[in-house]
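Remarks on the structure that follows.
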Amino acid sequence: QEKVFLIRHAEEELLSGANPKLSSEGRERAARYASMLRDAEIDVLFSSSTVRTQETGDIIAESLGVPSHSFNKYGYGEMLAQVEAQNVDDTILIVGNSGTIPTMLRLLGVVEEVKVSKSDYDNLFLVVPNDNGPSQFVRLRMP
Ligand SMILES: O=C(O)[C@H](O)COP(=O)(O)O
């Protein structure tokens, strides 16, 4: 894949159980991510299997008019292998969870140590893979 954008889901309803949906603040943030990314030429989006990531991804995919796929939250290794094999020329967006984003970044060739806390809803990571060494990596924060 050409470039990989990676975000965590937006704000969730904190009191709505083990698999919460987005709060209204979260739905607004997801729409802002879509605005930020409207000229990023994203071809396809992958969201992990939790409701909060699916909702974040659906809002963005619908706004950008791109296809969206779901992957098992802990099946990110398979998802990344599939992307590497099948989306060689694509720019992709992955919507993940705080516990799995650092590992996904490592698998994507990022050598910097990255921590994502439970209060981080504003991260946009950009990874540009490099055949000859570590991936280029940028961590942005949504204002
Ligand atoms: O598995 C995880 O990554 C965490 O349990 C949940 O992370 P999240 O709050 O980003 O969904």
Side-chain angles (χ1 to χ4, degrees), residues 1-88 90-130 133-143:
Q1 58 287 355
E2 209 185 321
K3 292 184 217 93
V4 180
F5 290 95
L6 212 148
I7 60 172
R8 185 185 177 219
H9 58 82
E11 288 87 341
E12 71 266 49
E13 294 273 9
L14 288 175
L15 297 174
S16 68
N19 193 11
K21 55 189 181 149
L22 292 188
S23 63
S24 56
E25 194 186 4
R27 288 193 296 276
E28 281 167 25
R29 183 187 295 282
R32 292 208 303 284
Y33 273 127
S35 298
M36 279 178 76
L37 292 166
R38 71 182 183 277
D39 290 327
E41 300 185 341
I42 287 167
D43 296 295
V44 58
L45 190 148
F46 296 84
S47 305
S48 81
S49 49
T50 56
V51 170
R52 54 199 178 279
T53 42
Q54 293 284 313
E55 284 188 345
T56 303
D58 286 349
I59 289 169
I60 298 170
E62 195 174 313
S63 170
L64 298 181
V66 299
S68 152
H69 303 289
S70 174
F71 64 94
N72 181 294
K73 183 176 163 190
Y74 298 109
Y76 50 83
E78 287 152 48
M79 180 274 293
L80 291 174
Q82 189 195 319
V83 160
E84 200 177 332
Q86 293 176 13
N87 300 87
V88 185
D90 287 341
T91 293
I92 70 165
L93 171 65
I94 300 170
V95 185
N97 303 82
S98 57
T100 53
I101 286 173
T103 317
M104 284 196 266
L105 289 170
R106 251 196 325 278
L107 290 173
L108 286 164
V110 173
V111 292
E112 288 87 347
E113 183 77 17
V114 176
K115 289 202 175 77
V116 182
S117 85
K118 291 276 192 188
S119 57
D120 280 337
Y121 294 104
D122 58 354
N123 287 264
L124 174 63
F125 301 98
L126 170 59
V127 180
V128 183
N130 174 3
S135 296
Q136 295 182 46
F137 167 69
V138 182
R139 182 178 195 166
L140 300 166
R141 297 276 185 168
M142 179 183 278

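We count ligands from 1, going down the list as the structure has it; atoms in each ligand are counted the same way. Numbers here are sequence positions counted from 1. Scope of the values below: all heavy atoms of this structure, side chains included, with no hydrogens, waters or symmetry mates.
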* Measure the NE2-CD1 distance between His69 and Ile92 for me, rounded to the nearest 0.5 Å. => 10.0 Å

* At a heavy-atom distance under 4.0 Å, which protein residues reach ligand 1? Sort them by chain and number, would you? => Arg8, His9, Arg52, Lys73, Tyr74, Asn97, Ser98, Gly99, Thr100, Lys118

* State which residue, out of Asp58, Thr100, Leu22, Val95, fulfils the side chain to side chain contact (heavy atoms under 4.5 Å, CB included) condition with Thr53. => Val95

* Is it possible for you to check whether Arg29 lies under 6.0 Å from the centre of the six-membered ring of Tyr121, through NZ or CZ, and within 45° of that ring's axis? => no

* Salt-bridge criterion met for Arg139 and Asp120 (N-O under 4.0 Å) -> yes

* To do: Scan side-chain atoms only and decide if Asn72 and Ser49 contain a donor-acceptor pair under the 3.5 Å cut-off.
  => no

* To do: Kindly check if the number of other-residue, nucleotide or ligand heavy atoms within 6.0 Å of CD (Glu112) is above 12?
  => yes

